[in-house]
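Report on one structure; see the data block that follows.
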Amino acid sequence: MQKALTIRQDAPVSVMTSGTYRHYFDEQGKRYSHVLDARTGKPVTHNTVSVTVTVTVINDNPTLADAWSTALLCLGRESGMPAADDNGIAALFITTHNNQFEEAATYRWQSLKTIEIH
């Protein structure tokens, strides 16, 4: 487990994580994920292994968080961070580099007041 969240608010919130860290296979030194990039129809190939998105539920539609987490995962950190920031999405990206986890958070994620990240 990389992170745990404590949610301290009464208003509904959706938290979704999409990742390539569990369902994959390695072949000839290359990792293939179960997450397919809709732009190519192929598994994602970047080092982003997880994207967690929080969306305050206004209309009982938590599928927005699920859709954004998968879309941002497909984009990867480099393209996904600007897309999330442009759309006001609170997102935490986790990538691997030299077998270490690296985190990057959008501006909205960094400004969360009612969700603690441990």
Shortest non-hydrogen separation from [X] to [Y] and the atoms involved:
{"X": "F93", "Y": "R77", "value": "CD2-CA, 3.7 Å"}
{"X": "A11", "Y": "Q9", "value": "O-NE2, 2.9 Å"}
{"X": "L112", "Y": "A90", "value": "CD2-CB, 4.3 Å"}
{"X": "A105", "Y": "L92", "value": "CB-CD1, 4.1 Å"}
{"X": "I94", "Y": "E103", "value": "CG1-CG, 4.2 Å"}
{"X": "L72", "Y": "G80", "value": "CD2-O, 3.4 Å"}

Distance-only, no hydrogens or angles: does the [X] side chain make a donor-acceptor pair with backbone N or O of [Y] under 3.5 Å?
{"X": "D66", "Y": "M16", "answer": "no"}
{"X": "R108", "Y": "A84", "answer": "no"}
{"X": "T6", "Y": "E116", "answer": "no"}
{"X": "T106", "Y": "A91", "answer": "yes"}

F101 vs T95, side-chain contact (heavy atoms from CB on, under 4.5 Å): CA-CA, chis, key distance, verdict: CA-CA 6 Å; F101 290 121; T95 59; over 6 Å; no
Partner of I89 under side-chain contact (heavy atoms from CB on, under 4.5 Å), chosen from W109, Y107, W68: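 Of all the options given, the one that passes is W68.
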Heavy-atom neighbours of D10 CG exceed 12 at 6.0 Å: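 It does not: D10 CG has 12 such atoms or fewer within range.
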